[in-house]
Number of protein chains: 4
Amino acid sequence: MARTTDGSGTPVPQRLLAAATRLFAEQGYDRTSVQEIVEAAGVTKGALYHYFGSKEDLLQEVYARVLRLQQERLDAFAGADAPVEERLRGAAADVVVTTIENLDDASIFFRSMHHLSPEKYKQVRGERRHYHERFRALIEEGQRSGVFSDATPADLVVDYHFGSVHHLSTWYRPDGPLSPQQVADHLADLLLRALRP
Amino acid sequence: MARTTDGSGTPVPQRLLAAATRLFAEQGYDRTSVQEIVEAAGVTKGALYHYFGSKEDLLQEVYARVLRLQQERLDAFAGADAPVEERLRGAAADVVVTTIENLDDASIFFRSMHHLSPEKYKQVRGERRHYHERFRALIEEGQRSGVFSDATPADLVVDYHFGSVHHLSTWYRPDGPLSPQQVADHLADLLLRALRP
Amino acid sequence: MARTTDGSGTPVPQRLLAAATRLFAEQGYDRTSVQEIVEAAGVTKGALYHYFGSKEDLLQEVYARVLRLQQERLDAFAGADAPVEERLRGAAADVVVTTIENLDDASIFFRSMHHLSPEKYKQVRGERRHYHERFRALIEEGQRSGVFSDATPADLVVDYHFGSVHHLSTWYRPDGPLSPQQVADHLADLLLRALRP
Amino acid sequence: MARTTDGSGTPVPQRLLAAATRLFAEQGYDRTSVQEIVEAAGVTKGALYHYFGSKEDLLQEVYARVLRLQQERLDAFAGADAPVEERLRGAAADVVVTTIENLDDASIFFRSMHHLSPEKYKQVRGERRHYHERFRALIEEGQRSGVFSDATPADLVVDYHFGSVHHLSTWYRPDGPLSPQQVADHLADLLLRALRP
DNA sequence: AATGAATGAGTTTTCATTCAT
DNA sequence: TATGAATGAAAACTCATTCAT
C-alpha cells in the first residue's frame, strides 16, 4: 500500500516526476515551486525529499529519461541495415516525431538545461554531445561515400537540423494542420535535399 | 550631468540596459536579481525604478531593441532590387551574422521570452510573427516563380531556418573555427540548397 | 511540541495573533511591519506565513474573533426572557463593557477596517450589518409596543449608540475615574432616556 | 502667472491641499503617496516641498482648517442670546451638518490623527480638547440651571454626542434617505431627549 | 515511508526626501 | 518658483530545505 496513496496505483516517485515535468514545461523551472509539485502529485514535501535529493535532481531525472530514450532510438536507426540516406532520413524524421510526442520534455530540455549546477550540466552536455556525434557520423559516412554533398561541414549540418528540432516546442501545436509524421517527413526531406550533391 | 555619475559618460538608463542584457544572457532572467543589475550599472535600486517600471520592463526593452533592428535589416534585404534567390540568401545570411554579433540579445530572446507577462508576451509575439511573415513572403515569391521548390510549405521552411538561428546561441563560440560570416554563408547555403527545385 | 518553542506553551498562531493585535492597536495596521510582529511573537517570518496567508489575513482573524464574541453576547441578551427595555439596556451596556475589556480589538476594528481588501471588507461589513440589525430589531420592538418613542428612526438610534461605542477607544483610559461598568451604565442610561416616549 | 500653471487659476498650495484631502480621505494617509498627491494637483514633487515641509505638514494643514472652522461655528452658537437648550440644540445640530458637508475632512480627522508626530498630535489634541470643553460648558450650564438632567457627567454626554458625529463618516451617504439637516435634527433631538430631567 | 512546522536568506518594489540646476 | 534624477532604508512576501516525530 505504501507508495500508492492515491487511487491511481502509480508509485510516488513517478507521480512526482510526471507532475514536475508538466509544471516545468508550463511555467519554467524557476517559476515552479516545490510546493506546487507536491500538491500536483498529491504528496507532501517530506515525501519528495525522501525520494529526490533536491529540486534539481528532479530536473536531471527528466533529462536522463529523455536522453536515454533518444539515444536508444538513434542507435536503432543508425545501425539498421539500409543505405545511408535511408538511415539518416529515418533518424532525422524519428527525432522529430518523438520530440513532438514529448513536447513537454523537449521544452524543458532546451529552456532549463542551464539551470543545472555546473557539474550536472557538464554531464548532460556530455551525453548530448555523444548523441550529436552519432548523428554526425551518419552524415560524414554519406559525405565520404559521395551520397551527400560535402559543401557544408557535417557539424554545421547537425546543428542546422537540431536547431529546427529544438524550435518545435516554440511553434508546433497538436491542433495545427500537420500531423507529427507529416512535419517529420518535411523536415527530414529538407535535410536530405540540402545534402544533395 | 546628473545622468552620468560614473566616468563613462553613458546615461543611466543605457547603463542599466547594458548591464541587464549581459546578466540576463549569462544567468537567465529569473536568476538575475535587481540588486545585481544595479550593482553592475553602478547605481541604486531607486534609480532603476525611476527609469523602468519593473524588472520585466527592462526585459521588454531588450526585446524592443532587437526586434527593431532585425526588422529594419530584413526590410532592406527583402526590398532590394535583385533576383529573389539573391535577396533570400542575403536576408538569411544577414540574420545569422547580426544574431551572432548580438548573441546576448539572442539568448535572452529565445530563453526568456516566456517570462514576460501575457500581454507583453502577446505584443512581442505579434511583432515576431510580422517578421516571420515578411520572410515567408520571400520564399513564397520564389516558389510561385518556380525558382524554389514548393515541396515544403513556406511556413515550415521559415521555421526550419529560424530554428537554426535560435540554436546559434547554444553552440556558437567566438573562438571557434568559423567566422560569423562563414557560418552565415553555410547556413544560407543549406537553406537555398534545400529549396532547389 | 514544535508549536511551542518559547516558554509560554502557547501555540505559535495564537502568539502571532496576540502580538499583531497589540501592535495594530498601538501603531495602526500600516505602521506595523511583519518584522515587528514576528519579533514580538518570538518566531520567524516563515512561521507567520506558514499559518497566515498574508498580513491582511492576520487582521481579518482579529475581526473574526471580535465579531463572533459580540454576536454571541448580543444574541444572549436580546433573546432573554425579560421586558424589552431591560433587554435593550442589558445589551447596550454589555457591548460597552466588552468593548472596554477589549479596547485593542476595538481600536483596530474602527481604525483599520478599511485596510482590508474589498472582498474581505465586504464580508466583515456584512457580518457587522447583521449585528446592527439584531440591535435595531430590539429598538423597533420597543417602538411598536409603545415602550420607546418612535420620534427617531431605529436605524439612526443604532448609529447614535454605536458611535459612542466606537468612540470609547479614543477617550477611555483604564486609570480614569469611571469603571467599565459605570461607563456602560451611563451610556445605556443615555440611550434609554433618549428613547423615553 | 506663477502659482497657477493650470487653467483653474487656483494657487498651487491650495491645489495641493485639496488633492491631499481627497486622497487621504479615500485611501488613508499611509496609503497615499506624495507622488499621487502631486499628480492629482498637477505639479511636481519639488513644488510640494517648496510649500510644505513634509507630507505630515499637509495632514496638519487639513486639521488646522477643520479645527478653525468648527471652533468658530461653535463659538457663534454657544455665545448666542437664547435659552441654553436652544443654544445646545443649535450647536449640536450644526456640528452634524458641517461634518456631513465636509465628510472628507472628518474621515481624515478621525482616522489619521494618530499618524501625526507626537508633538503635532499633542497640539491638535489640545485644540480639540478646548473645543470639547466649550461644548461641555454648555451642558453644565443647563445642568446647573436644572434645564438638563445631571444624572450623567457632562463629560460623558459630550463624548456620547461626538461619538455619533465621528461615526457619521462610516455610515452617512449623500444619496441616502435623509438630508444632512434631517440627520442633524434627529441627532440633536436624541441628545436633548437624553438630557431631559 | 512520510509529515508539516519552522527556518533564514532571498526576492521585487515603494517611497519620502534631497539637491543641483 | 520649480524640476526631476537619485537616494537608501524599509516594506511584504517566497521558497528550498531541514528535522523531530
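In what follows, every heavy atom counts, from backbone to side chain, and hydrogens, waters and symmetry copies are set aside. We name chains A, B, ... by the order of the sequence lines, and we start the count at 1 in each one. On a predicted model such as this, the values are computed, not experimentally measured, just so you know.
One can place CZ of A:Arg15 at 15 Å from P of E:dA1, the figure rounded to the nearest angstrom. B:Leu48 places its CG atom 15 Å from the P atom of F:dG8, with the value rounded to the nearest Å. Look at CG on C:Asp57: it is 14 Å from P on F:dA12, rounded to the nearest Å. In this structure, C:His50 atom NE2 and F:dC19 atom C1' are separated by 14 Å, rounded to whole Å. Look at CD on B:Glu39: it is 18 Å from P on F:dA6, rounded to the nearest Å. Distance, A:Phe52 CZ to F:dT17 C1': 16 Å, rounded to whole Å.
Residues meeting the ring pair (Phe, Tyr, Trp, His ring centres under 6.0 Å) test with B:Phe110, sequence neighbours left out: B:His166. Judged as a side-chain hydrogen bond (donor to acceptor under 3.5 Å, both in side chains), and not counting sequence neighbours, A:Glu61 has no contacts. For C:Tyr49, there are no ring pair (Phe, Tyr, Trp, His ring centres under 6.0 Å) partners at least two apart in sequence or on another chain. Take A:Arg31 and apply the salt bridge (charged side-chain N to carboxylate O under 4.0 Å, His left out) test, not counting sequence neighbours, and it matches B:Asp30. Under the rule for a salt bridge (charged side-chain N to carboxylate O under 4.0 Å, His left out), the partners of D:Asp105 that lie at least two apart in sequence or sit in another chain are D:Arg65. Residues passing the side-chain contact (heavy atoms from CB on, under 4.5 Å) test with C:Ser54, sequence neighbours excluded: C:Glu56, C:Asp57, C:Lys120. Listed by chain and residue number, nothing satisfies the salt bridge (charged side-chain N to carboxylate O under 4.0 Å, His left out) test with B:Glu36 (two or more places apart in sequence, or in another chain). The ring pair (Phe, Tyr, Trp, His ring centres under 6.0 Å) search around A:Phe52 returns none, not counting sequence neighbours. Here C:Phe24 pairs with C:Tyr29 under the ring pair (Phe, Tyr, Trp, His ring centres under 6.0 Å) rule; sequence neighbours left out.
Smallest separation of non-hydrogen atoms from D:Ala19 and D:Ile37: CB-O, 4.0 Å.
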Pick out the pairs of N or O atoms, protein on one side and nucleotides 10-14 of chain E on the other, that lie under 3.5 Å.
from: E:dT12; atom 1: OP1; to: B:Thr32; atom 2: O; distance (Å): 3.4
from: E:dT12; atom 1: OP1; to: B:Lys55; atom 2: NZ; distance (Å): 2.9
from: E:dT12; atom 1: OP2; to: B:Val34; atom 2: N; distance (Å): 3.0
from: E:dT13; atom 1: OP2; to: B:Tyr49; atom 2: OH; distance (Å): 2.5
from: E:dT13; atom 1: OP2; to: B:Lys55; atom 2: N; distance (Å): 3.1
from: E:dT13; atom 1: O5'; to: B:Tyr49; atom 2: OH; distance (Å): 3.4
from: E:dT13; atom 1: O4; to: B:Lys45; atom 2: NZ; distance (Å): 3.3

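Interface residues of residues 58-66 of chain B facing DNA chain F, ordered by number: none; criterion, heavy-atom separation under 4.0 Å.
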Quiz item: Just the dot-bracket of DNA chain E, please: which string comes out with Watson-Crick or G-U pairs under 3.5 Å, [ ] for crossing, | for another strand?
Solution: .||||||||||||||||||||
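Looking at the side chain of B:Ala47, the nearest of the listed nucleotides F:dT7, F:dT3, E:dA6 is F:dT7.
Both the sub-6.0 Å distance and the 45° axial angle are not jointly satisfied by B:Arg128 relative to the ring of B:Tyr63.
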